Amino acid sequence: MTTQTTFPAPQDDNQIIAERRAKLAALRKEGVAFPNDFERKNLAADLHSAYGEMSHDELEAAHVGVTVAGRMMLKRVMGKASFATVQDMSGRIQLFISNGDTGEAAHDAFKHYDLGDILGASGVLFKTKTGELSVRVTELRLLTKALRPLPEKFHGLTDQEQKYRQRYVDLITNEDTRNTFVIRSKVIQAIREFFMRHNYLEVETPMMHPIPGGASAKPFITHHNALDMELYLRIAPELYLKRLVVGGFEKVFEINRNFRNEGLSTRHNPEFTMIEFYEAYRDYNYLMDFTEKMFGEVARKVLGTTVVSYQGRELDLGKPFHRLTIVQAIQKYHPQFSDAQLNDRDFLISELQDLKAKYRTSDGVGGLQLSLFEELTEHQLFEPTFIIDYPAEASPLARRSDKRPEITERFELFMVGREIANGFSELNDPEDQEARFDAQVAAKEAGDEEAMFKDGDFIRALEYGLPPTAGEGIGIDRLVMLLTDSPSIRDVILFPHMRPEV
RNA sequence: GGGCUGUUAGCUCAGCUGGUAGAGCAGCGGACUCUUAAUCCGUUGGUCGAGUGUUCGAAUCACUCACAGCCCA
C-alpha cells in the first residue's frame, strides 16, 4: 500500500474564480500582490465603544485618525462614492470611499475589489447622516485577494456539511458560529481559573499509552517505529494522574483530548476534550459539592447568569443538583417498578430483554439496574442530577462503600438527558485494585472489548500508597453544548471528524 | 448497523401527475457622492451528487452507490 501524499484543492473552477484569478494576475504585474507592510492600528469594536456615542459634530471636531483592516463583507458603489463594510476579529466597521477623499484612481480600483478581499484603510472617523460610525478613507489598499467567492451575504453558509468541512468559511460568514467558539474558549478559561484559585497544579500526561487505561472504551492503535511497538491513543488520563497524587502532587488537573474508537453521533466525536482532576483527602461527597460550585461559577462568568436555556427548555445551574441512587432514579420516572422487582435478577433480565436493551449476562443485580437505568431513565434527566452508588462490577477504579461493598462511592452527573461528568472516591487499596483488574481481564477474554487492561505499574504505584483521594472527569464538549445551546457535538468542535470528501 | 430526509449555478433556493433548466445574491457591463441585504437597466454562468434501468423522452419514476442531516441501535 502506498501512502497518499497529495490532497489537491478541489478544482471547482468557475467563471467567478477565473475572473478573480485574472485580477490577481494583474496585481502581480503591478508589484507585490500579497503585501505585508501594512500596520493595522485600530479594531472595529474599540472604535465603536470609544466613539460610537459621540455626535456628528463632536466627532468632526475631534478629527480622529484611524487605520483599520479586515475582510470586505458588504460593498455598495454609487458612482463617485462607495460604502464598504469590513470585518475584523472584533466586529465590523463601515468605510466611505470617494473620489473626493480617496482620489479617483483609488476609488476606481476599489470598484473592482471583491467581497471577501482583505483591505487596509486609513482615514478619519465620521458619522453618516443615519448616525453610523464610519471611516472617511484617505488611503485604501488591497492586502489579500480572495480567489473564491463568499457564500450569499444574507443567509451565509447554511449547509451543515459545508459548515463542518470548511469551518473557515462558516466562521467568516456566521457570527453565531464565532460566538460558540468564543464561549468555548471562555468556558475553558473559567474552569482553569477555578482550579488555579483552589491551588491545583495543571499537568500534562501522555497521549500515547503502552497500556490503555482509565476508562472502558476501545482505543485507537498506532505504532512506534524506533521501538517497534504498539501504542494506544489514550482513552483517559486517569491512571497517570493518580500516579502523580502518589508522587505527592495532591491536587492536579489536566484539560486535554481523549480518543475513543467508537461510532459518531450528535454526542460522540472520536476525539473529545475532558478535564480530569484529583484531590487528596477528599471523597465523592466533597466532589459533588465542588462540582456544583464550579458549574455555577463557570455559567456566571461566561454567560452572566446560571439560568441556561437548552433546546427550548430552561435549567438553573445555580440551584443544588438532584442526588438520586440508580434505583431511586428509575422509580422517580417509572413508579411502576417496586423495590422487590428492581432487586430481582430474573425480573431485571426479562425487563431488559423486553426493551431489547444491551446488558452483560455476567452482571449481578447492580449492573443490571444500571443497564435498565441507561435504557429507561438517563435521557429523561433534564435538570442537573447526580446519580450515586454505582455497582462495583461497573466501576473497577472506584472505592467500595464501607457499608455495602457491592457498590462504590461513585456518581455520574447528568443534565439535559446526557452524562456530563463521572467522579468517585478513588480505589487506593492495591490488592483490591489488582483483583478488579484481574476480573476485567477475565471479562475481556470472555469477549468484552471494552473491558480494561491490567496495568501492573499502576498497581506498583498504589503499593507505594495513594492517599485517600477523590477524582472526577467532566466532558468539556458536552458542557459547551449546554452553554451554547448547540444540538450536536460537531457544533462545538472546530474541525469535527468527517468521512473524506468525494 | 437500521429507518427517514436531503444532494439542482460560487451561495440561498424554486422546478406539479415525466416533455429538454429558473429566481435572488455573487460576477461582468452601464447609471448613481450618505448607502445599510443599497437601488435601477442589461448580461454571463449548469455533467441537476455518481451510476444503471424503465421510457419516444428522466432533475422528476425505479434500483445501486457516495456523502450529509435527523432518529434508532
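Only this structure's heavy atoms are used, side chains among them; waters, hydrogens and symmetry mates stay out. Letters go in sequence order (proteins before strands), and every chain restarts at 1. The shown structure was predicted, so the numbers you read here are calculated from the model rather than taken from an experiment.
Judged as a side chain to side chain donor-acceptor pair (under 3.5 Å), the pairs with a partner in residues 36-47 of chain A (not counting sequence neighbours) are, in order, Asp37(A)-Arg141(A). A ring-ring contact (aromatic ring centres under 6.0 Å, His included) check over residues 91-111 of chain A, counting only residues at least two apart or in different chains, returns the pairs Phe83(A)-Phe96(A), Phe96(A)-Phe126(A), Phe110(A)-Tyr113(A). Residue pairs that meet the side chain to side chain donor-acceptor pair (under 3.5 Å) test with at least one member in residues 117-139 of chain A, sequence neighbours left out, are Thr67(A)-Ser122(A), Gln94(A)-Ser134(A), Asp117(A)-Lys145(A), Thr128(A)-Thr130(A).
Side-chain polar atoms of Asp101(A) and Ser98(A) form a donor-acceptor pair below 3.5 angstrom.
Remark: rA62(B) base-pairs with rU52(B). Criterion, Watson-Crick or G-U wobble with two distances under 3.5 Å. rG1(B): Watson-Crick or G-U partner is rC72(B), with both key distances under 3.5 Å. For rU35(B), there is no paired base (Watson-Crick or G-U wobble, both distances below 3.5 Å). In this structure, rC13(B) and rG22(B) make a Watson-Crick or G-U wobble pair, each of the two defining distances being under 3.5 angstrom. As the counterpart of rG6(B), rC67(B) is assigned, both hydrogen-bonding distances of the Watson-Crick or G-U wobble pattern falling under 3.5 Å. rC40(B) is paired with rG30(B) under the criterion used here, namely a Watson-Crick or G-U wobble arrangement in which both key atom distances are under 3.5 Å.
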How would nucleotides 23-39 of chain B be written as a contact map, 5' to 3', with B for base contact, S for sugar-phosphate-only contact and - for no contact, using protein heavy atoms under 4.0 Å? -BBBSS---BBBBBBB-
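Among the atoms of the strands shown, none is found under 4.0 Å from any heavy atom of Ser82(A). When heavy atoms are screened at a 4.0 angstrom cut-off, Gly263(A) is found touching no nucleic acid atom at all.
Listed by residue number, Ser488(A), Arg490(A) are the residues of residues 475-492 of chain A with a heavy-atom contact under 4.0 Å to RNA chain B. Within residues 354-379 of chain A, the residues having any heavy atom under 4.0 Å from RNA chain B are, by residue number, Lys356(A), Glu375(A).
On the C1' atoms, rA66(B) is 49 Å away from rA31(B), given to the nearest whole Å. On the C1' atoms, rU43(B) is 15 Å away from rA23(B), given to the nearest whole Å. Nucleotides rG45(B) and rG6(B) place their C1' atoms 25 Å apart, quoted to the nearest Å. rU8(B) and rG49(B) are spaced 6 Å apart, taking the P atom of each and rounding to whole Å. Comparing the same atom, P, in rC70(B) and in rA59(B) gives a spacing of 31 Å after rounding to whole Å. When the C1' atom is compared between rG30(B) and rA37(B), the two are found 22 Å apart, to the nearest whole Å. Between rG22(B) and rC56(B), the two C1' atoms lie 26 Å apart (nearest whole Å). Comparing rG69(B) with rA21(B), their C1' atoms are spaced 27 Å from each other, to the whole Å.
Remark: Glu58(A) engages no residue in a salt bridge (charged side-chain N to carboxylate O under 4.0 Å, His left out) (not counting sequence neighbours). Ser371(A) is linked by a side chain to side chain contact (heavy atoms under 4.5 Å, CB included) to Leu352(A), Tyr359(A), counting only residues two or more places apart in sequence or in another chain. In terms of the salt bridge (charged side-chain N to carboxylate O under 4.0 Å, His left out) criterion, residue partners of Arg167(A) (sequence neighbours excluded) are, by chain and number, Asp170(A). With sequence neighbours excluded, the residues forming a salt bridge (charged side-chain N to carboxylate O under 4.0 Å, His left out) with Glu449(A) are Lys218(A), listed by chain and number. Under the rule for a salt bridge (charged side-chain N to carboxylate O under 4.0 Å, His left out), the partners of Glu412(A) that lie at least two apart in sequence or sit in another chain are Arg410(A).
Atom CD1 of Ile17(A) is separated from atom C1' of rG45(B) by 13 Å (rounded to the nearest Å). To the nearest angstrom, P of rA73(B) lies 17 Å from CG of Leu264(A). Protein atom CG of Asp170(A) is 17 Å distant from nucleotide atom P of rA68(B), rounded to whole Å. The CD atom of Gln162(A) sits 19 Å away from the P atom of rG6(B) (whole-angstrom rounding). Taking atom CG of residue Asn14(A) and atom C1' of nucleotide rG46(B), one finds them 11 Å apart after rounding to whole Å. Spacing between atom CG of Leu147(A) and atom P of rC11(B) amounts to 16 Å, rounded to whole angstrom units. Straight-line distance from the NE2 atom of His268(A) to the P atom of rC72(B): 13 Å, rounded to whole Å. Between Asp159(A) atom CG and rU5(B) atom P the separation is 19 Å, expressed in whole Å.
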Pair Arg184(A)-Asp477(A), salt bridge (charged side-chain N to carboxylate O under 4.0 Å, His left out): steps then yes or no: CA-CA 8 Å; Arg184(A) 182 180 173 114; Asp477(A) 309 280; 2.9 Å; yes
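Here the side chains of Glu472(A) and Thr291(A) are in contact, with some heavy-atom distance below 4.5 Å.
More than 12 non-hydrogen atoms from other residues, nucleotides or ligands lie less than 6.0 angstrom from NZ of Lys454(A).
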May I have the list of side-chain donor-acceptor pairs in residues 322-331 of chain A shorter than 3.5 Å, sequence neighbours left out?
| unit_1 | atom_1 | unit_2 | atom_2 | d |
| --- | --- | --- | --- | --- |
| His322(A) | NE2 | Glu383(A) | OE1 | 2.7 |
| Arg323(A) | NH2 | Asp289(A) | OD1 | 2.8 |
| Arg323(A) | NH2 | Glu292(A) | OE2 | 3.4 |
| Thr325(A) | OG1 | Gln328(A) | N | 3.1 |
| Thr325(A) | OG1 | Gln328(A) | OE1 | 3.4 |
| Gln328(A) | OE1 | Thr325(A) | N | 2.9 |
| Gln331(A) | NE2 | Phe337(A) | O | 3.1 |
| Gln331(A) | NE2 | Asp339(A) | OD1 | 2.8 |

